[in-house]
A.B. asks: 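The structure under discussion is supplied below as structure tokens; questions concerning it will follow.
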Amino acid sequence: MRYWLMKSEPSVFSIDDLMNKPSQTEPWEGVRNYQARNFMREMRCEDIAFFYHSNCKDAGIVGVMKIIHEAYVDDSAQDPNSPYFDPKSTPDNPRWWRVDVGFVEKFSRVITLHELKEKVELADFQLVQRGNRLSILPVTPYQWEVIIALLGR
DNA sequence: GCCAACGTTGGC
DNA sequence: GCCAACGTTGGC
């Protein structure tokens, strides 16, 4: 089983949105970066991922999700009315993929980016490195453990 | 809302 | 295949 981190702007889709959906699941669509897409294709059912709130006041890790459906075609790329429309992705040759995620838990507090940057043990974590913009990143088991320990429970 | 850092595009 | 121009991301 592998660990991941997935970013979303809470004004677009937040952990509360996921938690409060009757299904508590969501197709993770709109990823339009090749590296992030490739990571999604590596995801397997039962992998787990941190939910990260980006581009907001309290940026940081807010909870945990699990992968409940492996990568399949993101057809929002073929929808001209979608904000994620990409005319270069065609039904014959789809360019973008998505996975389905399920809610696992919402943390009692946000583990802030600031906190993560202060942890020497996380110096290698892609998230805290300069200029990082990837919306989906792998997390090592050790990094996962260090981050969970920040919750002090 | 600013802007640095990065990814992508496309002309050559 | 280089690289300038452009668009996007995301912290602040």
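Note on naming: letters A, B, ... go to the chains in the order of the sequence lines (proteins, then strands), and numbering restarts at 1 for each one. Nothing here was measured: the structure is a model prediction, and the numbers come from that model.
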A.B. asks: Check whether any side-chain N or O of A:K88 sits under 4.0 Å from OP1 or OP2 of B:dT9, and answer yes or no.
C.D. replies: yes
A.B. asks: Within the 4.0 Å limit for protein heavy atoms, which parts of nucleotides 2-7 of chain B are touched? Write it as a string from 5' to 3', B for base, S for sugar-phosphate only, - for none.
C.D. replies: ---BBS
A.B. asks: With respect to the phosphate group of C:dC12, does any side-chain polar atom (N or O) of A:K117 fall under 4.0 Å of OP1 or OP2?
C.D. replies: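 For C:dC12, OP1/OP2 do have a side-chain N/O of A:K117 under 4.0 Å.
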A.B. asks: To the nearest angstrom, how far is A:Q126 atom CD from C:dG10 atom P?
C.D. replies: 13 Å
A.B. asks: For C:dT9, does either OP1 or OP2 sit under 4.0 Å from a side-chain N or O belonging to A:K7?
C.D. replies: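 The answer is no; no side-chain N or O of A:K7 sits under 4.0 Å from OP1 or OP2.
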A.B. asks: Roughly, in whole Å, what's the span from CZ in A:R95 to P in B:dT8?
C.D. replies: 9 Å
A.B. asks: A:Q78 vs A:T90, test: side chain to side chain donor-acceptor pair (under 3.5 Å). Steps then yes/no.
C.D. replies: CA-CA 7 Å; A:Q78 268 101 250; A:T90 62; over 6 Å; no
A.B. asks: With a 4.0 Å cut-off, would you call A:R153 and A:E105 a salt bridge?
C.D. replies: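 Result for this pair is yes, salt bridge flagged.
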A.B. asks: Check every strand shown and say whether A:R37 touches a base, only sugar-phosphate, or nothing at a heavy-atom separation below 4.0 Å.
C.D. replies: nothing
A.B. asks: Please determine whether a side-chain nitrogen or oxygen atom of A:Y52 lies at a distance below 4.0 Å from atom OP1 or OP2 of C:dG11.
C.D. replies: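 So the side chain of A:Y52 is within the cut-off, an N or O lying under 4.0 Å from OP1 or OP2 of C:dG11.
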A.B. asks: About how many Å separate CH2 of A:W4 and CD of A:E42, when rounded to the nearest 0.5 Å?
C.D. replies: 4.5 Å
A.B. asks: Apply side chain to side chain donor-acceptor pair (under 3.5 Å) to the pair A:S14 and A:D16, showing each step before the final yes or no.
C.D. replies: CA-CA 5 Å; A:S14 72; A:D16 289 324; 4.6 Å; no
A.B. asks: Which residue in the set A:L18, A:I68, A:D17 passes side chain to side chain contact (heavy atoms under 4.5 Å, CB included) when paired with A:E26?
C.D. replies: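 The single option meeting the side chain to side chain contact (heavy atoms under 4.5 Å, CB included) with A:E26 is A:L18.
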A.B. asks: Over 60° means perpendicular and under 30° means parallel, so tell me whether A:W28 and A:F51 are parallel, tilted or perpendicular.
C.D. replies: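 Taking A:F51 first and then A:W28, their aromatic rings stand perpendicular (interplane angle over 60°).
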